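Values in this document were obtained by computation on a predicted structure and should not be read as measured data. The chains referred to below are lettered A, B, ... by the order of the sequence lines, with proteins before strands, and numbering in each begins at 1.
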Protein chains: 2
Amino acid sequence: MELEQAKRRFIDSWGALGSQWGINRTMAQIHALLMISPDSLSMEEIMEDLSISRGNASMNLRGLMDWGIVHKEFKPGERKEYFYGEKDLDELAVKIARERSKREIKPALKVLKDVSSIDPGASSEKKYFTEQTGKLYDFVSKADNMLEKATEYKDNWLAQLVLKIMR
Amino acid sequence: MELEQAKRRFIDSWGALGSQWGINRTMAQIHALLMISPDSLSMEEIMEDLSISRGNASMNLRGLMDWGIVHKEFKPGERKEYFYGEKDLDELAVKIARERSKREIKPALKVLKDVSSIDPGASSEKKYFTEQTGKLYDFVSKADNMLEKATEYKDNWLAQLVLKIMR
DNA sequence: TTAAACTTTCAAATATTTCTGAAACTTTAT
DNA sequence: ATAAAGTTTCAGAAATATTTGAAAGTTTAA
């Protein structure tokens, strides 16, 4: 397999994977491209490589920067902005986990907390509802905490977590 | 907040959360409905409650059963099928983790393995590509293993994992 | 074997998401 | 102050994904 071919395969499948995870195809593709690019790339270069419009490139680059997994750089003497991906994979994982928690899990927890705290009263229907949503709240909350802990300690997470628990 | 209101809020937000995670809205809503329903429900009842068509209900129920998080039941003397959700949350999490690994992570790993093993040759561009995709492979692989371990031991995962590692 | 009860399938309709491209905007150099 | 170089915005177009509904298929009971 040739480089160009391998590159395409990687970018395409990363894009497809992204869509399955609720990240749009282009955003995932730009990310993939930057992950395998030794140098930072200008918007022009990204547009060219992925055959996408300027608007699309601009919006998705901004999105990636909001996630904190792509950064801007200015090259001395040049006016263009250059973009590069976060290449430290631990750091990448931490950023993604944090953002997903903030954007998706936390709001879901709020809803669960709200709906699980209606007055259960006498009705057995209500009782069941508050019970189930309450359990769900506890569970999601626990999972979110674990995720937070795991990211907090990165590679050394296990040892440190054990220490913290035992103390 | 009244029960009906709370129920709607829960179902709607679970549906919205689903879309963000690449699970379609209706599928997530059916799942939400079954999670808070003390009894199993017929397809009619689900269609009615969520105002969706028969076809939609049928396809998404099948989807949920493929994930292993909703099950069919036959009530004695009745011809209809009744559906109920997996209510053990640990079990639910395990099922979801396993399926996502199988459907999404494993295929991604295959691509990463393939593309990272092109002959790097002399070109520094190729070298960089194989290096980066190789690292990505190791990382995703490690994460997938951790997920597997975590689900293998359910709530007691930490203690058992520690034991296993120390042995 | 028939028909009623129920479920599945799938082509077409609908809804949602993403993408384009051109205009508006911003920044920098002169 | 001007214009060149670059970036952002956003309304409409295009692409995707979801949903409907009716026909086809299946199962059960008599």
* To do: Nearest whole angstrom, please: distance from the P of dT7(D) to the CG of Leu64(A).
  =>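 In whole Å, dT7(D) P lies 16 Å from Leu64(A) CG.
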Between the side chain of [X] and the main-chain N/O of [Y], is any donor-acceptor distance below 3.5 Å?
X	Y	answer
Ser37(A)	Leu33(A)	no
Lys95(A)	Gly68(A)	yes
Ser117(B)	Lys113(B)	yes

Connected via hydrophobic side-chain network under 4.5 Å: [X] and [Y]:
X	Y	value
Met43(B)	Phe74(B)	no
Met59(B)	Val70(B)	no
Trp14(A)	Tyr128(B)	no
Ile11(B)	Tyr84(B)	no
Ile69(B)	Phe139(A)	yes

Tell me, which of [range] have any heavy atom that sits under 4.0 Å from an atom in DNA chain D?
range	answer
residues 31-62 of chain A	Met43(A), Arg54(A), Gly55(A), Ser58(A), Met59(A), Arg62(A)
residues 73-80 of chain B	Arg79(B)
residues 20-29 of chain B	Asn24(B), Thr26(B)

* **Where Met35(B) and Gln132(A) come nearest, the two heavy atoms and their spacing** => O-NE2, 3.1 Å
* To do: Return the minimal non-hydrogen interatomic distance between Asn60(B) and Met27(B), and the atom names on each side.
  => OD1-CB, 3.6 Å
* For Arg100(A), which residues count as a side-chain hydrogen bond (donor to acceptor under 3.5 Å, both in side chains) partner, sequence neighbours excluded? -> Glu104(A)
Polar pairs (N or O, both sides) under 3.5 Å between protein and nucleotides 12-15 of chain D?
none

* To do: Kindly state each residue pair satisfying salt bridge (Lys or Arg N to Asp or Glu O under 4.0 Å) with at least one member in residues 5-21 of chain B, sequence neighbours excluded.
  => Asp114(A)-Arg9(B), Glu4(B)-Arg8(B), Lys7(B)-Asp49(B), Arg8(B)-Asp49(B)
